[in-house]
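Note on naming: letters A, B, ... go to the chains in the order of the sequence lines (proteins, then strands), and numbering restarts at 1 for each one.
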Amino acid sequence: MNRAPDNSDGTGRTDAPNGAETDQLLLPGWSSLVILLIIFGVLSTVTILAIVREGDVHVTPDVGGTQAHSPAEFPEIGFDEPLLPAVLEADGDDQPGGYNVPPPPFSNEDIFPCTWCHEEMDVNYERRELVDMHDDIQLHHGPRERWCFDCHDAENRDSLRLANGTRVSFEESYRLCGQCHGTIYRDWRQGIHGRRRGFWNGAKSYLLCAHCHNPHSPAFQPLKPLPPPVRPQFLGATNEEPEP
Amino acid sequence: MKKPPDSRYDGPGSTGRRRFLATGTAAMAWVAASLAGAPPGFAELMIRRHFKELSPEQLDRILRQMEQEYSTRFDTPVSVTATPPMEGVLFGYGLDLSRCVGCRRCVYACVHENNQSRSPQVHWIRVLKMHKERGIELAESDPYYDPPTVPEEDSFYMPVACQQCRRPPCTRVCPVKATWQDPDGIVVIDYDRCIGCRCCMSACPYGARHFNWSHPTISAAEVNTEMHFLGNRIRPKGVVEKCTFCIQRVRKGRYPACVEICPVGARKFGNLLDEESEMRYLMREKRVFVLKEDLNTQPKFYYFYAT
């Protein structure tokens, strides 16, 4: 630093006996004063500039995080969705081996039971592209290796069919999926894969694979994210009058 | 050694201490007198004992008072409880980074459940977007991402909230013991005791604590009327708040709100002392890590990869 030397002035003395002399020696020289002035000037200029440019928040207006949002703006998410009656009735009582699942998700309410239509029809075992009916189904689930009767039972349309011929109901479709996706099935049964609701120490509701993965096109569909948090520079702007 | 002669210690003007004591006593008497005229319960709230030292009757009285206050304020019946921790329970949380899609449903479910201020906005969960190529790089993460749909091709998402450390740095720095760790592992805050010094916020390495810079605003239509004294009850201005694992839910057996809302089921919750729990299963079977392990805070919040 530019401090005047106090103990290297050739006298070898480390503390001056005279107080007045010491005070004088400890005063900074002119050069350091000038440097300090320059530093002060630069700092104040920067500060003043920053204050003047306050309106510029370095964010383009179309970017998120400028406005606060409340959960009430998103009623479609279902924050208050009630628990399944079976879970609520159990109220803490665990039922080992039993899974509380909501009804299987069908594409529309009138489509099940399938036998309403199929009972009267002959079974066509020929592999073909579906026209007139079920043509909305896009098979993106190994379409070359798989078709309807690998999973749907040809004789009883109201049930599914395992590889070994066992019929399983739509409520137990996880057994069908679990034939191939064994590790996921194991995780799902343990509660690691998939969404759970209810009691951590008791009854909970599981979801069937088909609730999140369309069996005919199982990739999880992208979601629209809820809005980002407010950036710090906009937090003040959202401040309203305090509560009474 | 002999004391140096100094008029401050004993001299003609040495009435300083006595005068101070007298003034202090008078001031206390004045405060006590004015408290007598204060609304009933005010004095108890202001100079009450530490939460852990309250007798059941005192606590009950305070809770009933709060219920009344909140019920009047929101014009709807409110219940405030102080459900104690369960025996033999240590809460742990798991978050599957290989599943999280960054949809922020958890952020808003948390706000909905825990009565955070809507404006100025307080979020307990912050979802960080990170580059798949860079890995977990907190300094380059982006919490403000807003694409039309998630997940984005080159990104993964890491929600961060209170890590409920076993050795929480935040509770140790609190000068008034307003925050502590309960036996079930939840780090809680007594909002009445908090003086708003924000030491805990600077001590927390996860940015999990949030300050009420203004009076929290929340409309009567949106308020969650199931409140816990140490959790989601309405906070006053100038106190710190943070995630409590939804203490009002989990101490009654329910899952936290963020666990239930997660559309991909990335969030897991359970009792770390129960070998059959989901948490113990994932800690045995999956690749698990904690955030900032090198700080030795020993979080009970475990990130894992199910795949």
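Interface remark: A/I184 contributes side-chain atoms only to the contact with chain B (heavy atom separation under 4.5 Å). No part of A/H211 comes within reach of chain B, as not one of its non-hydrogen atoms sits under 4.5 angstrom from that chain.
Residues A/N201 and B/M86 have side chains in contact (heavy-atom distance under 4.5 Å, counting atoms from C-beta outward). With contacts defined as side-chain heavy-atom distances shorter than 4.5 Å, the pair B/E278/A/K204 qualifies.
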I'd like a table of donor-acceptor pairs (distance under 3.5 Å, sequence neighbours excluded) in which one partner is a side-chain atom from residues 94-107 of chain B, with atom names and distances.
| unit_1 | atom_1 | unit_2 | atom_2 | d |
| --- | --- | --- | --- | --- |
| B/D96 | OD1 | B/S98 | N | 3.0 |
| B/D96 | OD1 | B/S98 | OG | 2.6 |
| B/D96 | OD1 | B/A306 | N | 3.2 |
| B/S98 | OG | B/A306 | N | 3.2 |
| B/R99 | NH2 | A/H193 | ND1 | 3.4 |
| B/R104 | NH1 | A/L226 | O | 2.7 |
| B/R104 | NH1 | B/Y145 | O | 3.3 |
| B/R104 | NH2 | B/P143 | O | 3.1 |
| B/R104 | NH2 | B/Y145 | O | 2.7 |
| B/R105 | NH1 | A/K224 | O | 3.1 |
| B/R105 | NH1 | B/C103 | O | 3.4 |

Would you list the atom pairs, donor with acceptor, under 3.5 Å between side chains in residues 74-86 of chain A and any protein atom, with sequence neighbours excluded?
| unit_1 | atom_1 | unit_2 | atom_2 | d |
| --- | --- | --- | --- | --- |
| A/D80 | OD1 | B/H112 | NE2 | 3.1 |
| A/D80 | OD2 | B/H112 | NE2 | 3.2 |

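Between the side chain of B/R254 and the backbone N or O of A/G198, at least one donor-acceptor pair lies under 3.5 Å. A donor-acceptor pair is defined here as one N or O able to donate and one able to accept, closer than 3.5 Å; no such pair exists between the side chain of A/W200 and the backbone of B/N271. Checked by atom type and distance alone, the side chain of A/R195 pairs as donor or acceptor with a backbone atom of B/E260 at under 3.5 Å.
In terms of heavy atoms, A/P229 sits closest to B/H123 at CB-ND1, 3.8 Å. The minimum heavy-atom distance between A/V230 and B/Q121, with the atom names listed, is N-OE1, 2.7 Å. The shortest non-hydrogen separation linking B/E222 to A/A72 is CD-CB, 3.6 Å.
A cation-pi arrangement is found for A/R231 relative to B/Y144, the charged atom lying closer than 6.0 Å to the ring centre and inside a 45° cone about the ring normal.
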